[in-house]
Student: 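Here it is, the structure in full.
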Amino acid sequence: MLKAAADRGPPQRFYEVDYDLTVSSQDWLEDVCKGDIVVLIDYFGFPADSICAAAAKQRGAWILEDACQALLSTGMDQLSDFVLFSPRKFLGVPDGGILSIRPRGLLGDVKLESSPADWWLKAFLTVVLRREFDIHGSNRLWFKLYQETETQSPIGAYAMSELSRLLLMHSIDYRETARKRIVNYQELARTLHAVSLFPNLPPGVVPLGFPIRVEKRDMIREMLFEHEIYPPVHWPIAELVPKSYQDSHRLAANIMTLPCDQRYGTQDMQRMADLVLSRLEQ
Ligand SMILES: Cc1ncc(COP(=O)(O)O)c(C=O)c1O
């Protein structure tokens with residue numbers, strides 16, 4: 001999103017989040033003007049800051065709710081003008097995003113192109129190999145391809161592929177997917193609450209993953225890699241966010257997201273929690 005806006009859009013400004021991932025001050029809202037776009041994020045599936053949304057809206061801004069991490073959560077902010085989803089973060093589809101536009105007819109007919117074929121084929125191969133890795137283990141080629149497709153991801157007015165659209169429309173049990181994520185999250189919260197960023201899961205929240213904050217983050221992550229568990233870091237922000245946002249940077253240095261998605265069950269959660277706990281206690 002940053003890259004897309006940097007290349008074509010108006011200047012961007014950031015607001016700070018603290019070590020708890022909450023918006024630490026409302027002062028920045030005084031600089032919000034009519035016609036600005038204020039991006040508020042549903043972090044890890046949890047609802048974005050509705051006080052900021054109301055204040056920004058009152059100043060005449062558009063609200064873009066970034067729900068890329070909240071595909072399955074309910075209760076998107078009623079004030080949001082746009083809500084953006086990224087199904088591939090939750091489900092094994094190769095590509096595509098969904099933008100819900102609340103003001104009727106605002107953008108008219110937007111013509112979207114197909115994404116470049118060579119990129120798409122690589123993204124498709126990545127999800128096929130990832131699926132095989134989940135079933136059979138061992139071959140980690142998917143990870144290399146995943147990193148390549150992420151960095152080479154085309155920026156422009158591209159449509160979701162027909163394959164992703166059909167999979168999303170017809171092949172997914174959304175209720176069961178949400179249930180498994182919630183159960184897995186609760187299992188991790190039971191054992192890892194001391195390091196959890198959000199120990200409680202409110203109704204309506206379907207988590208992306210289970211974010212934890214630990215001083216020994218890189219060491220623990222390496223250890224988990226050795227056990228074929230791959231927690232992503234949301235987000236490496238060093239070069240992007242103002243250096244003066246010290247709490248945001250401290251959080252980025254300590255955070256990682258343990259997977260708790262529908263591919264896993266309670267035993268997987270217990271095994272992962274035990275590994276983390278054993279290293280924390282050393
Ligand atoms: C909050 C948030 N918004 C947007 C994105 C970008 O989504 P995509 O990679 O599907 O373009 C990400 C990716 O991690 C994200 O975490």
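Because the structure is predicted, anything quoted here is derived from the model rather than measured. Order of listing sets the numbers, starting from 1, for every ligand and every atom in it.
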Student: Who's touching ligand 1 if we go heavy atoms under 4.0 Å?
Tutor: I41, D66, C68, Q69, S86, R88, K89, W235
Student: Can you list, pair by pair, the side-chain donor-acceptor contacts under 3.5 Å of residues 266-275, counting residues two or more places apart and other chains?
Tutor:
from, atom 1, to, atom 2, distance (Å)
D268, OD2, G265, N, 2.8
Q270, NE2, E187, OE2, 3.4
R271, NH2, H227, O, 3.1

Student: Only pairs under 3.5 Å count here: list side-chain donor-acceptor contacts from residues 100-114, not counting sequence neighbours, and write none if there are none.
Tutor:
from, atom 1, to, atom 2, distance (Å)
R102, NH1, D77, O, 2.9
R102, NH1, S80, O, 2.9

Student: Show the numbers, then the answer: is there a side-chain contact (heavy atoms from CB on, under 4.5 Å) between M160 and V93?
Tutor: CA-CA 10 Å; M160 177 185 289; V93 292; over 6 Å; no
Student: Which of parallel (below 30°), tilted (30 to 60°) and perpendicular (above 60°) describes F210 and Y185?
Tutor: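 Because their plane-to-plane angle is over 60°, the rings of F210 and Y185 count as perpendicular.
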Student: Are W235 and V241 in one and the same hydrophobic cluster, where Ile, Leu, Val, Met, Phe, Trp and Tyr link if side-chain heavy atoms are under 4.5 Å apart?
Tutor: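 Same hydrophobic cluster.
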Student: Applying side-chain hydrogen bond (donor to acceptor under 3.5 Å, both in side chains) as the test, list every pair that has at least one member in residues 33-42; sequence neighbours left out.
Tutor: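 Pairs touching residues 33-42 that pass the test: none.
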